[in-house]
**Q** 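Structure incoming, see below.
Numbers restart at 1 for each chain; the letters A, B, ... are given by sequence-line order, proteins then strands. Computed from a predicted structure; not experimentally measured.
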Amino acid sequence: MDIATFVQVLDSTLRLATPLLFACLAGLISERAGVFDIGLEGKMLVAAFMAAAIAFVSGNVWIGVAAAVGVSVLMSLVHGVAAITFRGNQLISGVAINFLAAGITVVIAQNWFRQGGRTPSLSGEARMAPIDLPFAAALRDVPVIGPVYHGILSGHAPLVYVAFLCVPATWYLLFRTRFGLRLRAVGENPAAVDTAGVSVIGLRFAAVALCGVLCGLAGAYLSTGLSAGFVKDMTAGRGFIALAAMIFAKWRPWQAMGAVLLFGLLEAVANRFQNIDIFGVAVPVQAMQALPYILTVVILAGFVGKAIPPRAGGAAYVKEH
Amino acid sequence: MSAGGRIPNWADVTLVPLVSVVLAFILSGILIWAIGESPWAAVKLMVEGAFGSSYGWGYTLYYATNFIFTGLAVAVAFQARLFNIGGEGQALLGGLGVALVCLYIPWPHWSLALLAACAGAAAFGALWALIPGYLQARRGSHIVITTIMFNFIAASLLGYVLVNVLRPQGSQDPSSPRFAAEVALPKLHEMLALVGIPFSRVPPVNISLLIAVGMCFAVWFLLWRTRLGYQIRAFGESEPAAEYAGISPARITIYVMLISGALAGLMAVNSVMGEQQRLVLNAVEGAGFIGIAVALMGRNHPFGVFLAAILFGFLYQGGAELALWTSIPRELIVVIQALVILFTGALDNMVRIPIARLFALRGAR
C-alpha cells in the first residue's frame, strides 16, 4: 500500500466514523440514564431523509440539518413516552422505531419526490461543503505533517469536526457537571436520585432528547455530507454498529471515539479493497464487514474485559407510594 | 399490572391486542389519507387482493406460513422472558441448512428430502441461536444485543458462502444453483385437487403450511403439557422462584434458544425449498422481524400466533396489491408492522390502563 492510498483510507475513516460517533454518543447518553435505545438506526434514518428532503426543498443544508434534528428528537420522545411514561419494554419500543423509520421514510419520499423512495440528488448549497482547516494549503507539501494535516484532517464537512468535539463535550457533561452526575445516577440507582428530590422522569427525558439531537446530526451528515441525497435504508446497520461501538467502549466517551475510529477504519478498508492479504491469508470482504459485530460479541462475552451496562438500564422506574 | 387494577383474562388476550391493532390501523389510515390516497379504497383493495380469490388466498397463506414459524420462535423465547431478535439470522442459516441438504444429496422423493430439509433447517437455526443462548446463560451477555449482532454476522457469512462456495461457475448472481426437480414440494393446489377442490396454481403456498400448523400444536403441547414447558413458563414468570424450585436458569435459557432457533430455521423450508428452489442472498426478507410483531400480537400463544400470522399474511399480500394498483409503496406494511409492535409491545400500558379503568367502573357499579 503506498502513502497516497494510506492517506485516502484514513481520510475516509474519519468520514465513515462521523455518523457512528454521533450515534454512539447518543446511545451512550441514553443508556447512562438507564434507557436502552436500539432505535438509533431508525432515528438516524428519519433524520437522513428529513435533512435531504428539506435541504433540497429549501436549498440550504443547515435548514435541513435543523429539520433532521427536530424529527429525530420527535422520534426519541415517542421512545420516551413508551419507555419512561408508560413503562413499556424499551427494547421493543426501539425495534418499533426502527421499523417505523424504515417504512415511513420510503412512503413519504415516494409520495413527495416520486423517485422510488429516494430524494433528488443534492448539489451546491443544499450539500454540506467541506471546510479547509487554517494553513492546510500552506502545509500541504511539508513531509509527514502535510499528508496528515492536509490529506487526512482537513477538508471535511463541518459536522465531522462537531462530532469529534462532542467527545470531550460528552465527557465533560457526564463526568464534570451536576447534571451529568445525576444522569449517571439515574442509570445506576434511580431510587436514590428520587429520594434526593430530583425528577427521575425529567432526567431520563432530558437524556432521551439529547440522544435524539445527536442521532439527528448523525443522519443529517449521512445524507448531506457523506452522500448527496437520501436513498432507502441508507443507514444500512450503522445504528447497530454504533450500538456495538458503545458496548465495545463500555459506555465511556473517549473509548467510544476509539471504537468508532476502529470500526470506521474497517469499513474504509472493506470499501477500498475486496480481499486483503494478511500474512499470505486472504481475508474476504465479508469478514471485514462482520468484524465489528464479532468483536462486540467477544467483548460482551467477557473474554477480553467484561462489558457491564448501567445497572438500572432497561427498567422503568416505579415511584414508591 | 400495577396501575388501574386487573382485567379479566379473556379481555387481556382479546381486547388489548384488538384495540392495539385498531389504533395501528387508524394511524396507518391517517398516513394513507395524508399522502392523498383514500384509506377506504386501500382497505377494499387489500381485502380483495388477499381474500378475493384463491390466488390471493394462496399468497396470503404462503406469507402466513413464514410468519407462523418466526412468530412461534419469538413467542417461545418470550415465554421464558427472553427476547430473541435473531430470528432473521437463524432463518438465514436455516436456509443454508436446507440448501446443503437439497443440493448435495440426490433424493429419490420429495417426502424424504422434506424430512431431511426440516432437520437441516432446524439444526442450523438452532445452532445459530445456541451461541447467544450459551453466552446469555453462562457469561451473562445480553441476548438482545448478541442476537442482533448474530443477524449481521449471519448475513456476512451467507454472503461469503453464496459468492465463494455455492455460486455456480460463471454465474454473476450470488445464489446457489437450482435444486433438483425431485425435491420440489407439493403445492396446495395439488393437495386440494386430491379432494376435488380447485385452487390457483400460481401461489407458492405448499405443504410447509401443514408443518407450520403442526408446529403450533407442538409448541402448545410443549409449553402447557410437558415438564420442560412448565419449567420454561415458570422461569419466565419469576427467575428466582424457578431457581428455588430447582430449575436451572442456564439450562432453560439454552433449551429455549435451541427451540426458538430451530423454529425460526424451519421457515426456510417454506421459502427456500417451497418457493425459491435455490438459496438467494435475502431469502428471509424481514420475516424474522415480523415474527416479533406476530408474537406480540398473538400474546405468545400458538393459537394467537396463528391468527396474527394470517393477519400479517393478509397485510403482505394486500400490500403487494396496493403497490401494484396505487402509488402507495409496499413499505406502508412496514409502517403498520411498526405500529403494531409499538402498541402491542411498548405502549401496552397505554391501552391496558384505560381498559382496566372501564372494568373497574363496571365492577364498582
Side-chain angles (χ1 to χ4, degrees), chain A residues 36 38 42 78-79 81-83 85-112 114 116-117 232 237 240-241 243-244 247 284-294 296-297 299-303 306-309 314 318, chain B residues 2-3 31-32 34-37 83 85 131-132 134-135 138-142 144-146 148-161 163-164 286 289-290 292-293 296 327-350 352-353:
Chain A
F36 279 168
I38 56 175
V78 171
H79 184 56
V81 166
T85 313
F86 285 105
R87 303 197 290 268
N89 187 320
Q90 302 174 358
L91 299 163
I92 294 176
S93 167
V95 170
I97 282 178
N98 287 337
F99 286 123
L100 192 59
I104 208 160
T105 48
V106 178
V107 171
I108 294 181
Q110 169 63 16
N111 183 254
W112 194 344
R114 309 223 172 258
K232 177 183 167 179
F240 294 107
I241 299 232
L243 208 60
I247 295 161
V285 65
Q286 290 90 352
M288 305 284 294
Q289 287 162 350
L291 203 53
Y293 306 112
I294 296 172
T296 305
V297 172
I299 286 283
L300 267 175
F303 296 122
K306 193 149 181 58
I308 298 162
V318 185
Chain B
S2 51
L31 178 65
I32 295 176
I35 61 173
E37 296 273 348
F83 188 8
I85 307 196
I131 310 166
Y134 170 82
L135 292 175
R138 296 280 177 218
R139 317 279 316 181
S141 324
H142 202 302
V144 172
I145 306 293
T146 46
I148 290 176
M149 300 299 145
F150 266 69
N151 282 340
F152 287 101
I153 301 172
S156 292
L157 178 67
L158 205 72
Y160 176 78
V161 171
V163 171
N164 297 292
F289 294 121
I290 293 160
I292 300 168
L296 285 170
S327 66
I328 304 172
R330 265 194 98 138
E331 278 75 10
L332 177 73
I333 305 310
V334 182
V335 175
I336 300 180
Q337 173 194 340
L339 293 172
V340 168
I341 295 178
L342 191 67
F343 284 117
T344 55
L347 286 173
D348 195 54
N349 281 334
M350 190 181 87
R352 188 186 299 271
I353 291 169

**Q** How close do B:A338 and A:L100 get, heavy atom to heavy atom, and via which atoms?
**A**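 Shortest heavy-atom separation between B:A338 and A:L100 comes out as CB-N, 3.1 Å.
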
**Q** Under 4.5 Å, counting heavy-atom pairs only, tell me which of A:A83, A:P309, A:A82, A:G116 racks up the most with chain B.
**A** A:A82

**Q** Among A:L243, A:V107, A:T296, A:T105, which residue has the highest count of heavy-atom pairs closer than 4.5 Å to chain B?
**A** A:V107

**Q** Applying side chain to side chain donor-acceptor pair (under 3.5 Å), name anything that partners A:T85, two or more places apart in sequence or on another chain.
**A**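 Once residues adjacent in sequence are excluded, A:T85 has no partner under the side chain to side chain donor-acceptor pair (under 3.5 Å) criterion.
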
**Q** Measuring heavy-atom distances to chain A, does B:F343 have an atom under 4.5 Å in its side chain, in its backbone, in both, or in neither?
**A**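 Neither the backbone nor the side chain of B:F343 comes within 4.5 Å of chain A.
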
**Q** Taking all non-hydrogen atoms of both residues, which atom of A:I104 and which atom of B:V335 are closest, and how far apart?
**A** N-CG2, 3.4 Å

**Q** Would you tabulate the side-chain donor-acceptor contacts of residues 88-98 of chain A under 3.5 Å, counting partners in other chains and residues two or more places apart, or write 'none'?
**A**
from, atom 1, to, atom 2, distance (Å)
A:N89, OD1, A:L91, N, 2.9
A:N89, OD1, A:I92, N, 3.3
A:Q90, OE1, A:F36, N, 2.8
A:Q90, OE1, A:G314, N, 3.3
A:S93, OG, A:H79, ND1, 2.8
A:N98, OD1, A:G42, N, 2.8
A:N98, ND2, A:I38, O, 2.8

**Q** From A:L291 CG over to B:F152 CZ, what is the distance, rounded to the nearest 0.5 angstrom?
**A**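 The distance works out to 14.5 Å.
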
**Q** Do the non-hydrogen side-chain atoms of A:Q110 and B:I328 ever get within less than 4.5 Å of each other?
**A** no

**Q** Within the 4.5 Å heavy-atom criterion, are A:Q286 and B:N164 side-chain neighbours or not?
**A** yes

**Q** Hey, could you give me the CZ/CG distance between A:F99 and B:L342, rounded to the nearest 0.5 Å?
**A** 12.5 Å

**Q** Pick one of side chain, backbone, both or neither for B:I85, based on which atoms fall under 4.5 Å of a heavy atom in chain A.
**A** side chain

**Q** Do side-chain atoms of B:S141 reach the backbone of A:L300 as a donor and acceptor pair under 3.5 angstrom?
**A** yes

**Q** Which of the residues B:I145, B:I336, B:T146 is involved in the greatest number of heavy-atom pairs with chain A at under 4.5 angstrom?
**A** B:I145

**Q** Does a side-chain heavy-atom distance below 4.5 Å link A:R87 with B:N349?
**A**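 A:R87 reaches B:N349 side chain to side chain.
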
**Q** At a heavy-atom separation under 4.5 Å, does B:I292 approach chain A through its side chain, its backbone, both, or neither?
**A** side chain

**Q** Between B:L31 and chain A, with a heavy-atom cut-off of 4.5 Å, which part of the residue counts as in contact: side chain, backbone, both or neither?
**A**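 Contact with chain A is through the side chain of B:L31 alone.
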
**Q** If I compare all heavy atoms of A:Q289 with all of B:S156, which pair ends up nearest, and what's the gap?
**A**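 For A:Q289 and B:S156, the tightest heavy-atom pair comes out as CB-OG, 4.0 Å.
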
**Q** What part of B:I333 is in contact with chain A, defined as an atom under 4.5 angstrom from a non-hydrogen atom: side chain, backbone, both or neither?
**A** neither

**Q** Is it the backbone or the side chain of B:L135 that comes under 4.5 Å from a heavy atom of chain A, or both, or neither?
**A** side chain

**Q** CZ/A:F86 to CE/B:M350 distance, rounded to the nearest 0.5 angstrom?
**A**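 If I round to the nearest 0.5 Å, the distance is 6.0 Å.
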
**Q** Can you see which heavy atom on A:F240 is nearest to which on B:I148, and at what distance?
**A** CD2-CG2, 3.5 Å

**Q** Please examine the side chains of A:K232 and B:E331, heavy atoms only from C-beta on, and report whether any two atoms are closer than 4.5 Å.
**A** yes

**Q** Measure distances from B:V340 to the heavy atoms of chain A and classify the residue's part below 4.5 Å as side chain, backbone, both or neither.
**A**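 Neither the backbone nor the side chain of B:V340 comes within 4.5 Å of chain A.
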
**Q** Examine whether an atom of B:Y160 lies under 4.5 Å from a heavy atom of chain A, and if so say whether it belongs to the side chain, the backbone or both; otherwise answer neither.
**A** both

